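All remarks here apply to the structure that follows.
The chains referred to below are lettered A, B, ... by the order of the sequence lines, with proteins before strands, and numbering in each begins at 1. Just so it is clear, the structure is predicted and the values come from calculations on it, not from any experiment.
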There are 2 protein chains.
Amino acid sequence: MKPQLSDNLCFALYTASNALTRAYRPLLERFDLTYGQYLVMQALWLEDRVSLTELSRQTRLDPGSLTPVVKRLEGKGMLTRTVSSEDERRKVIALTETGQALQQQAAALKTELEQKTDIDPEVIDTLRRHCLTLADQLTRVC
Amino acid sequence: MKPQLSDNLCFALYTASNALTRAYRPLLERFDLTYGQYLVMQALWLEDRVSLTELSRQTRLDPGSLTPVVKRLEGKGMLTRTVSSEDERRKVIALTETGQALQQQAAALKTELEQKTDIDPEVIDTLRRHCLTLADQLTRVC
DNA sequence: CTCAAATAATTAGCGCGCAAAACATTTGTG
DNA sequence: CACAAATGTTTTGCGCGCTAATTATTTGAG
């Protein structure tokens, strides 16, 4: 069979990731969040009052990428960044009431998107777990 | 069980895509290609002499994203962009000999990376197909 | 106690994806 | 033939991921 671009995992993954980002965009717009900001907020909804290093670890984003995102969220009133009293190198990133309140509203997003697609939830879960496996393996060897 | 960031498909997909991009980077550096450029080259290795619109369709990238990438590849001598004699709105994107020659060398990259990871090829293929399914569905509903 | 090494966060620069607007050309209706 | 609509590409502006360098602070060896 003639080879195709979709034979490649890197194309498939890249395309799916971009498609998901695109799909979320109009839904996130109502909360004035970008996709990247939304992922960071999700991490904070799970564990509030963390350092940037810890948030970097949880989100698997480079601190250099994370600082501007977190700063932008601070500017939007979603969170605050204060110097830790224990270690002045460290910042404490804490959700504001506005940021916390958004959790409930944002929770419906995933459901809304799931209802739009026709994919078996088991397939979604297999995909999710395989993505995590791949990410873990790649991170380990590099 | 306590909810985690990795429960989310969007986090998993985003992380896996970023991890794959990171993993490819040092390998692609030897060809002076970025990941995005590499994906575009892959499309052209499969079908040369296409319009930007056609390349946009194949790669599922917005023409606005594609133009700078293709221009950069042109600057690197990988391809040429010429106005079509049939329709002056249209550009013909054609690989140069340099660009064509790279195909063989780049082919080993995937193998090199596969050897580094410990993932069952069937899992990789399932992941790939699920990604494409997800991308197709999301593109269809949005 | 001093200071090199380590740590935490920030900044700078680059490449890229996206949406929207703009520009140039082609098409097809009236 | 005129011109509105459509098409193809480019440009602009924004947000983001990454690497590397920089800055500020803490740690621990000597």
Side-chain angles (χ1 to χ4, degrees), chain A residues 10-11 13-26 28-29 32-40 50-57 59-76 81-93 135 138-139 142, chain B residues 10-11 13-26 28-29 32-40 50-57 59-76 81-93 135 138-139 142:
Chain A
C10 48
F11 171 77
L13 204 49
Y14 199 69
T15 300
S17 186
N18 288 343
L20 200 54
T21 304
R22 273 196 309 268
Y24 264 94
R25 181 171 286 120
L28 290 170
E29 255 169 15
D32 187 29
L33 287 179
T34 66
Y35 192 71
Q37 289 165 8
Y38 171 61
L39 291 175
V40 170
V50 290
S51 67
L52 192 111
T53 300
E54 178 54 26
L55 191 57
S56 171
R57 197 188 61 74
T59 60
R60 295 161 83 164
L61 292 168
D62 192 89
S65 304
L66 206 38
T67 295
V69 176
V70 164
K71 275 183 151 182
R72 209 162 278 113
L73 285 167
E74 181 184 39
K76 291 180 176 182
R81 298 185 309 137
T82 50
V83 177
S84 171
S85 49
E86 290 150 26
D87 184 336
E88 282 180 47
R89 292 173 296 182
R90 187 170 296 174
K91 293 285 177 63
V92 174
I93 299 164
L138 290 171
T139 302
C142 298
Chain B
C10 48
F11 171 77
L13 203 52
Y14 199 70
T15 299
S17 187
N18 288 343
L20 199 55
T21 304
R22 271 194 311 266
Y24 265 95
R25 181 171 286 121
L28 290 170
E29 255 169 16
D32 187 29
L33 287 180
T34 67
Y35 191 72
Q37 290 164 7
Y38 171 62
L39 292 175
V40 170
V50 290
S51 67
L52 193 112
T53 300
E54 179 54 26
L55 191 55
S56 171
R57 196 188 62 73
T59 58
R60 294 162 84 164
L61 292 168
D62 192 90
S65 305
L66 207 37
T67 296
V69 176
V70 164
K71 273 182 153 183
R72 210 161 277 116
L73 285 168
E74 180 184 39
K76 291 179 174 180
R81 297 185 310 138
T82 51
V83 177
S84 170
S85 50
E86 289 149 27
D87 185 334
E88 282 179 46
R89 292 172 296 180
R90 187 171 295 175
K91 291 285 175 64
V92 174
I93 299 164
L138 290 171
T139 302
C142 300

Considering heavy-atom distances to DNA chain D, does A:Leu66 or A:Ser85 have its closest nucleotide positioned more toward the 5' end?
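The 5'-side residue here is A:Leu66.
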
If you pin B:Pro63 and B:Ala19 to their nearest nucleotides in DNA chain D, which one's is more 5'?
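Its nucleotide being nearer the 5' end, the pick is B:Pro63.
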
From [atom1] of [X] over to [atom2] of [N], roughly how many Å is that when rounded to an integer?
| X | N | atom1 | atom2 | result |
| --- | --- | --- | --- | --- |
| A:Leu28 | D:dG15 | CG | P | 14 Å |
| B:Glu29 | C:dC14 | CD | P | 15 Å |
| A:Arg72 | D:dC14 | CZ | C1' | 8 Å |
| B:Tyr24 | C:dC16 | OH | C1' | 18 Å |
| B:Tyr35 | D:dT19 | OH | C1' | 18 Å |
| B:Leu52 | C:dT25 | CG | P | 17 Å |
| A:Glu54 | C:dA8 | CD | C1' | 13 Å |
| A:Asn18 | C:dG17 | CG | C1' | 6 Å |

Using a 4.0 Å heavy-atom cut-off, does A:Ser51 contact any base of the nucleic acid, only the sugar-phosphate backbone, or nothing at all?
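Result for A:Ser51 = sugar-phosphate.
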
Counting any heavy atom closer than 4.0 Å, what does B:Leu61 reach on the DNA or RNA strands: base, sugar-phosphate only, or nothing?
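Result for B:Leu61 = sugar-phosphate.
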
What nucleotide, of [options], holds the atom closest to the side chain of [X]?
| X | options | answer |
| --- | --- | --- |
| A:Gln37 | D:dG8, D:dC16, C:dG15 | D:dC16 |
| B:Val69 | D:dG17, C:dC16, D:dT25 | C:dC16 |
| B:Tyr14 | C:dG17, D:dG17, C:dC16 | D:dG17 |
| B:Asp87 | D:dC16, D:dC18, C:dT25 | C:dT25 |
| A:Thr67 | C:dT10, D:dG17, D:dG15 | C:dT10 |

Measure the [atom1]-[atom2] distance between [X] and [Y] for me, rounded to the nearest 0.5 Å.
| X | Y | atom1 | atom2 | result |
| --- | --- | --- | --- | --- |
| B:Arg22 | B:Thr15 | CZ | OG1 | 8.0 Å |
| B:Ser84 | B:Leu52 | OG | CG | 13.0 Å |
| B:Tyr14 | A:Leu13 | OH | CG | 13.0 Å |

Is any side-chain nitrogen or oxygen of [X] closer than 4.0 Å to OP1 or OP2 of [N]?
| X | N | answer |
| --- | --- | --- |
| B:Arg90 | C:dT26 | no |
| B:Lys71 | D:dT11 | yes |
| A:Thr34 | D:dC14 | no |

Basic-acidic side-chain contact under 4.0 Å: B:Arg57, B:Glu54
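Looking at B:Arg57 and B:Glu54, the cut-off is met.
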
Give me the ring orientation class for A:Tyr38 and A:Tyr24: parallel if the planes are under 30° apart, tilted from 30 to 60°, perpendicular past 60°.
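Correct class here is tilted.
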
Looking at B:Ser17 and A:Ser17, would you say the former's side chain and the latter's main chain have a donor-acceptor pair under 3.5 Å?
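Answer holds: no.
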
Is there a donor and acceptor pair, one atom on the side chain of B:Arg89 and one on the base of D:dT9, closer than 3.5 Å?
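In this structure, the two groups form no donor-acceptor pair.
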
Where each residue is assigned the nucleotide of DNA chain C containing its nearest heavy atom, which of A:Gly64 and B:Asp62 is assigned the position nearer the 5′ end?
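The residue mapped nearer the 5' terminus is A:Gly64.
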
